[in-house]
Amino acid sequence: MGAVQLTLGGISVLLGVVAWGMFFATIARFVRVIRLGQPDSTRNGPFLPRMKTLIKEFAAHTRMNKIRSVGAAHWLVMWGFILGSLALFEAYGEVFVPTWGWPVLDDWSLFQLLMEVLGVGTIVGALVLIGIRQKNHPRRADRQSRFQGSNFKWAYFIEAVVLIEGIGIIGVRAAKSAMNVHETPVWAAFVSHPIGELLPASPNLVSVFAFVKLMSATVWLFVIARTMTMGIAWHRFSAFFNIYFKREDDGGVALGALKPMMSNGKVLDLEEADPDEDTFGVGKIEDFSWKGWLDFSTCTECGRCQSQCPAWNTGKPLSPKLLITQLRDHAYAKAPYLLAGGKRDMAGDEVGLSGDNMYAGIDVLAIAESQKALIGDDGGVIDPEVLWSCTSCGACVEQCPVDIEHVDHIVDMRRYQVMIESAFPSELNGMFKNLENKGNPWGQNAKDRLAWTEDLDFEVPVFDGDLGDTEYLFWVGCAGAFEDRAKKTTRAVAELLHMAGVKYTVLGSEESCTGDPARRAGNEFLFQMLAQQNVEILNSVFEGRERKARKVVVTCAHCFNTLANEYPELGGQFDVVHHTQLLNRLVREKHLTPVAPVAEDVTYHDPCYLGRHNKVYDAPRELVGASGAQLREMPRHGDRSMCCGAGGARMWMEEKIGKRINVERVDEALGTAPSKIATGCPFCRVMLTDGVTARQSDGQASEKVEVVDVAQLLLTAVKRKPEPQPVPAGAPSLDTVSDAELDGKADVPTDETATGTPLPEEDK
């Protein structure tokens, strides 16, 4: 052990002790800070399913691999960090004794191969991630970059540390190889051995490489220990917990049903709630649950949520990533005040601390942060325009690789604004009043709920107190009953069910809004009122039937989600299917047989609450195919589909900033050169139709382009052709006329050859 080894080793140990001490002290502080959030006992178990999800998501990188090139590179870097820790701690011995290695393991060729692969993989993975970040840097793509708004200094620091760590691993191994410390076969040192051939056999060189490796890790520890908000570094530890404690213990993402409104760790019963004791949504950062604080701490600023957000992509101020990082920065800035026992009432007065010098010892910046409103356009942490731009489409939640629950957090903040502050967009006033007084957001009379049946040539059965042998309750929904465009879907579904011989009934005037728009807008009280009323009616309708026989079919994706996923919390257990699922089954079972193919090019828009929230992707597409249409996918489809702009109660709010979301989606649809745009939700149909009309008035869309429901396509295809009529003199022969032209229900294809649309760049 020479002077070089003693000097470098001494420095490494001395600085290492300090750095590791700071690191573990910061972890202890993390625990104290995260526990400032409200309790949430729903995350505690069951252990095995949660552990299975954790292992699958981190080991197989199932969510990270939604962008495959990034997933592969990150996988290499992740394992380089986890298993590469063996190489890091080995360096504490190598810096003193260059020939030192782990007992037993060091003489095992497979271990040497593992270390070699980890070193090379870390370097390769880091270079790929660096390249991806530079390729998609905001300076090249402005708002289109998912990295817009991310902290690049932190990113560059982490990338440099990872790269140096990988080089350090290979450097030490190459220097050892030059000294011929071990008789490692070339296949177990396929990179370090050739490099070692070029290096001098110097023990000092081994110590230098080991020192570099240790110093990069030590500097990293110093920096992150002093920067608790550096999610790009801390997610290496917190992501494991965030994945384990995700909302759904079966591994699903936090979509579908909203998280119930909770207070003090329990689901809030609005009938017994006390405004002085209970929290109604989130009005202060400490009102978030501890899982919310963990979410904020875990954000890596990768921007996948931002890249998929319809609001951000149309010029709105909302970025899910920036929303989370703003909450994170506020939380950790305010934490010293909260840890000291500080608390303010609704008027902003101090009630947690007392005395002449009650703020003694508390950072003045933390005191200033405690005075900020969580939501406010004058110095608030989150601007109201940000909060109300969300369509609750769930694209952010679907794409987040560390399972952050953006939508739940946004709705919790909306709940407080609506129920406590009465601060919400003025357009919602009318919608709330209509729901409360008329049971539907359009303010129509309940007696008109059967008006859609007037044009049909068969009788629609209305529930009269006895289901008898009825198989399905057809839940029409407010849009399907009152909105003129949605009525066409309702009539088409009713006609198809009639043709297929399905025994169904409707509630008529007894039906009411499911409450979806009220709940997504934050009016939980109104939702509960509507939902409990509906559950009571439905339970009486299905009285005496077992769970699997309580069948409901719906045409609205929002009604589908609410009835299937949220009513069970209120005692409403039903077997709910979307009309595309039922119709697809009827086609498969030959109860409906397409006989007049729709010879048109059709693109399909995935409704968020049917697709992302409930994973129904195949049934509507199979129906498009069954109708005989040529399906042309939009670049954003499936779980990457873009919202129409109607969700989150945005259907009843004006878009005053940026491009209209429905117009953006229609532009994408028109890029596939369709003659029809199909969907499976009345909200989507209204929004897309308005977008098409806008583009037609601009002269950017053909007057022949039409927005239809998938059920209408199928109805066109299953209707029998009329009997052939005598051909007038001079008319073309019947042999030259297509079935579609005879039927009058389908147009000639817009193109003889389908061009399709290329998928977007995955790394964008």
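Just so you know, these numbers use all the heavy atoms, side chains as well, and skip hydrogens, waters and symmetry mates.
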If you measure from the Lys or Arg side-chain nitrogens to the Asp or Glu carboxylate oxygens, is any gap between [X] and [Y] under 4.0 Å?
| X | Y | answer |
| --- | --- | --- |
| Arg247 | Glu405 | no |
| Asp690 | Arg660 | no |
| Glu668 | Arg636 | yes |
| Glu286 | Lys334 | yes |

* Would you mind telling me which of Asp709, Thr490, Thr555 makes a side-chain hydrogen bond (donor to acceptor under 3.5 Å, both in side chains) with His579? => Asp709
If I compare all heavy atoms of [X] with all of [Y], which pair ends up nearest, and what's the gap?
| X | Y | result |
| --- | --- | --- |
| Met413 | Ile375 | SD-CD1, 3.8 Å |
| Thr300 | Val402 | CG2-CG1, 4.4 Å |
| Lys316 | Ser389 | CB-OG, 4.0 Å |
| Gln306 | Ser145 | NE2-O, 3.2 Å |
| Pro310 | Thr391 | CG-OG1, 3.8 Å |
| Leu327 | Leu374 | CD2-CD1, 3.8 Å |

Donor-acceptor under 3.5 Å ([X] side chain, [Y] main chain):
| X | Y | answer |
| --- | --- | --- |
| Asn561 | Gly256 | yes |
| Arg43 | Phe245 | yes |
| Asn313 | Ser307 | yes |
| Asp516 | Cys559 | no |
| Arg304 | Met64 | yes |
| Arg63 | Cys400 | yes |
| Arg146 | Cys302 | yes |
| Glu566 | Leu258 | yes |
| Glu511 | Gly477 | yes |
| Asn445 | Lys447 | no |

* Measure the acute angle between the ring planes of Phe296 and Trp293, then classify it against the limits of 30° and 60° as parallel, tilted or perpendicular. => tilted
* **Parallel, tilted or perpendicular: ring planes of Phe574 versus Phe542, cut at 30 and 60 degrees** => tilted
* Asked: Would Glu524 and Arg414 satisfy salt bridge (Lys or Arg N to Asp or Glu O under 4.0 Å), going step by step from the backbone distance to the final call?
  -> CA-CA 10 Å; Glu524 185 73 12; Arg414 286 184 174 184; over 6 Å; no
Side chains of [X] and [Y], heavy atoms from C-beta outward: is any pair under 4.5 Å?
| X | Y | result |
| --- | --- | --- |
| Phe525 | Asn523 | yes |
| Tyr567 | Thr514 | yes |
| Pro635 | Arg640 | no |
| Phe560 | Gln581 | yes |
| Val577 | Lys551 | no |
| Lys676 | Leu713 | yes |
| Met651 | Met431 | no |
| Leu318 | Cys309 | yes |

* So Lys266 and Glu277, salt bridge (Lys or Arg N to Asp or Glu O under 4.0 Å) or not? Walk me through it. -> CA-CA 13 Å; Lys266 299 178 181 178; Glu277 298 292 333; over 6 Å; no
Hydrogens and angles aside, do [X] and [Y] bring a side-chain donor and acceptor to less than 3.5 Å of each other?
| X | Y | result |
| --- | --- | --- |
| Asn584 | Asp618 | no |
| Ser392 | Arg650 | no |
| Asn242 | Asp295 | yes |

* Asked: What distance separates Glu248 CD from Arg50 CZ, expressed to the nearest 0.5 Å?
  -> 8.5 Å
* To do: Hey, could you give me the CD/CE distance between Gln528 and Met261, rounded to the nearest 0.5 Å?
  => 7.5 Å
* **Test side chain to side chain contact (heavy atoms under 4.5 Å, CB included) applied to Leu294 and Ser238, step by step** => CA-CA 7 Å; Leu294 185 59; Ser238 62; 4.2 Å; yes
* Step-by-step side chain to side chain contact (heavy atoms under 4.5 Å, CB included) determination, Trp442 to Asp448 -> CA-CA 12 Å; Trp442 280 276; Asp448 296 327; over 6 Å; no
* Asked: Would the Tyr604 and His637 ring centres measure less than 6.0 Å apart?
  -> no
* Looking at Phe683 versus Trp652, is the centre-to-centre ring distance below 6.0 Å? -> yes
* To do: Start with the C-alpha gap between Arg685 and Gln712, add the side-chain angles, then the distance that decides, and say whether side chain to side chain donor-acceptor pair (under 3.5 Å) holds.
  => CA-CA 12 Å; Arg685 180 170 181 175; Gln712 291 175 272; 2.4 Å; yes
Answer yes or no: does atom [atom1] of [X] have more than 12 heavy-atom neighbours from other residues, nucleotides or ligands under 6.0 Å?
| X | atom1 | answer |
| --- | --- | --- |
| Tyr617 | OH | yes |
| Glu427 | CD | yes |
| Gln326 | CD | yes |
| Lys615 | NZ | yes |

* Would Val541 and Thr505 count as a side chain to side chain contact (heavy atoms under 4.5 Å, CB included) if you check the C-alpha gap in whole Å, the side-chain angles of each, and the deciding distance to 0.1 Å? -> CA-CA 11 Å; Val541 169; Thr505 189; 5.8 Å; no
* To do: Under the side chain to side chain donor-acceptor pair (under 3.5 Å) rule, what do Asn614 and His578 come out as? Steps first, then yes or no, please.
  => CA-CA 10 Å; Asn614 286 285; His578 191 255; over 6 Å; no
* To do: Begin from the C-alpha positions of Asp403 and Lys246 and carry the test salt bridge (Lys or Arg N to Asp or Glu O under 4.0 Å) through to its verdict.
  => CA-CA 7 Å; Asp403 288 304; Lys246 65 194 298 184; 3.1 Å; yes
* For Leu270 and Met529, run side chain to side chain contact (heavy atoms under 4.5 Å, CB included): C-alpha distance rounded to whole Å, both residues' side-chain angles, the deciding distance at 0.1 Å, then the answer. => CA-CA 10 Å; Leu270 290 176; Met529 182 185 76; over 6 Å; no
* For the salt bridge (Lys or Arg N to Asp or Glu O under 4.0 Å) test, which of Lys259, Arg519, Lys284, Lys291 pairs with Asp412? -> Lys259
* To do: Starting from the C-alpha separation in whole Å, work towards a yes-or-no answer on salt bridge (Lys or Arg N to Asp or Glu O under 4.0 Å) for Arg612 and Glu398.
  => CA-CA 7 Å; Arg612 251 190 311 272; Glu398 178 67 36; 6.0 Å; no
